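Before any comments, here is the structure.
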Amino acid sequence: MDIIIRNARVLSMDDEAPRAQAVAIAGNRIAAVGSDAEIAALATPSTRIIDAGGATVMPGFNEAHMHIFGGSVALNELSLFGVKGFDDLSAAIRAYAAANPHLELLVGQSVDYTVLSEEERVTRHHLDRIIPDRPFMMVAPDRHTAWANTIALEKAGILHGRDVGVGNEIVMGDDGLANGELRESNAMRPVAIMSATGGREGLGVGTGGEPENVTAAERAGDIAVLKQGLAYCASLGITSFQNMDGNLYQLELLKEIEDTEGLPARVRMPFHMKNFMPLTDLEEKAAAWRDRFNSDKLRCNFVKVFMDGVTEGETAVFVDDYAHKPGWKGEPLFSAEHFNQVAVEADRLGLPVAVHAIGDGAVRMVLDGYEAAIKANGKRDSRNRVEHIEVVHPDDIPRFAELGTIASMQPTHPPGSAGLPLEPYLTYIGEERWPYAFAWKTLVDAGARVVFATDWPVSPLPPLSCIHDAMTRKPWRDDMPDHRLTLDETLKAYTRTSAWVEFMEDRKGILKPGYLADVVVLSGDIEACAAEEIAALAPKFTICDGRITYEAA
Ligand SMILES: [Zn+2]
């Protein structure tokens, strides 16, 4: 026996044997789960014995929606999370600039849309007052909007504007020049490519395309950055994650890490289908990559699509008008006919689809596409998903269970949670839609399968914080539905159900003999904690594939 974890409160997530005291691991598999006495009998002189000290031991977390490359890069950039007001913003940016004199582009992450105040949007003029002489760009937590100063816009060649395609916008000011706000990735890209990584981390989201002319040194730098991000995942108890952007470049870098020193977490990466790509790419690229990257450590077996943008950028698509802007519902990135073709063809090829859909109009279009696939190909076990579902139309709630569609949601995202401001979100969607916003409990009760994640680096990555947020959600108004979930519901959404979504429920997501040895040992007993205290727990050990990938100091 290689590893024995004893004196634990084991939450196996396996209905047949939900609780135990100890777990034994041999090679990359769970050998036994049982009482301390039963498991102690399996020890040999070379067994590593871990005393859990009465703490929870459970399947490693499976983060169902995140972005490894962007997240890894953001670890080294300026975090503006929680910064409020011009003076604080100014101090943070100036300190970062002083500490990084050689960066061609300074990047700030996770800045609130309302960083200045609830009334005033940021423009390049504010940023010029803070830093006039070096290119600077800061990105909203959702990464769908950025703001750049004048010198950055000038150097990027977009100060006089540019057509950046449907759903993207370089916002223009009254003076006929760009005002500094950049909506969606095509608009941000000309500035982002000036960064230390050349913006390569944004390609998987932005275009789904590949970087050109990458030097050996740049590639080695990208691998080093990814390793940093992977180690960070392991330190948070994550043993699997499902990436929600993709390109061949990232797959090849991850494959190289797997072949040289082993990936510390299992990665599932999609083929990213953009609206300008031919349908034949699904067979020629997506299906081909599925065959090429098909191990338990690194798999490429689904298709990611973006149907809309974000509410704060007025790029999310709603059934009815935005509350603050009559006549505007948002513009989808795919026509209904085009998306239905993608859904039908992916389904025909046996490729599950995961679609970013924030507004209820986008959610409806995605469900319509999945319904079209069933009509065209017959009902199969497709495990298609909708990502985010920030607002769902009441008529569409039962369709998740009917179509077998998975609701992939982020408990860290509701305005008011995890330090996020309430505005402009609440005003933009309007009070009538509040009861249907981030409605995960409603969807669970309607029979939908739900998986949870943070969308890192959109929100902070620690799963225990996200679990806390799912269990402590506060309503915006007293008569709104209570969306708090139980601990069991929440943990399943982070382990068992997320493994099922990947078609790996026969190998991971529960602790059971024969299953892959993906385990996290926490610092305390999660069941004995009040919901408010869960975020204060931390992993003590993370084990992935039978290997200890993180050990608390
Ligand atoms: Zn995402």
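Sequential numbering from 1 along the given sequence is applied to the chain's residues. Both ligands and their constituent atoms are indexed starting at 1 by order of listing. Only a predicted model underlies this, so the values are computations on that prediction, with no experimental measurement involved.
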Geometric cation-pi criterion Arg268 and Phe302, 6.0 Å radius, 45° cone: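 Yes, Arg268 sits over the ring of Phe302.
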By the definition ring-ring contact (aromatic ring centres under 6.0 Å, His included), identify the one residue from Tyr425, Trp147, Tyr428 that meets it with Tyr113. Trp147
May I ask you to list the protein N, O or S atoms found at less than 2.8 Å from the Zn ion (ligand 1)?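 Per the 2.8 Å query on the Zn ion (ligand 1), atoms found are His65 NE2, His67 NE2, Asp455 OD1.
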Output yes when Arg507 and Asp296 qualify as a salt bridge under the 4.0 Å nitrogen-oxygen rule, no when they do not.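 A salt bridge links Arg507 with Asp296.
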Electrostatic pair Asp518:Arg266 at N-O distance under 4.0 angstrom: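 Between Arg266 and Asp518 there is a salt bridge, with a charged N closer than 4.0 Å to a carboxylate O.
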Decide salt bridge (Lys or Arg N to Asp or Glu O under 4.0 Å) for Arg399 and Asp368; before the verdict, give the C-alpha distance in whole Å, the side-chain angles of both, and the deciding distance to 0.1 Å. CA-CA 9 Å; Arg399 297 178 73 198; Asp368 289 348; 2.7 Å; yes
Considering non-hydrogen atoms only, spot the tightest contact between Leu103 and Ala196 and give its length.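 Heavy-atom minimum between the residues: CD2-CB, 4.1 Å.
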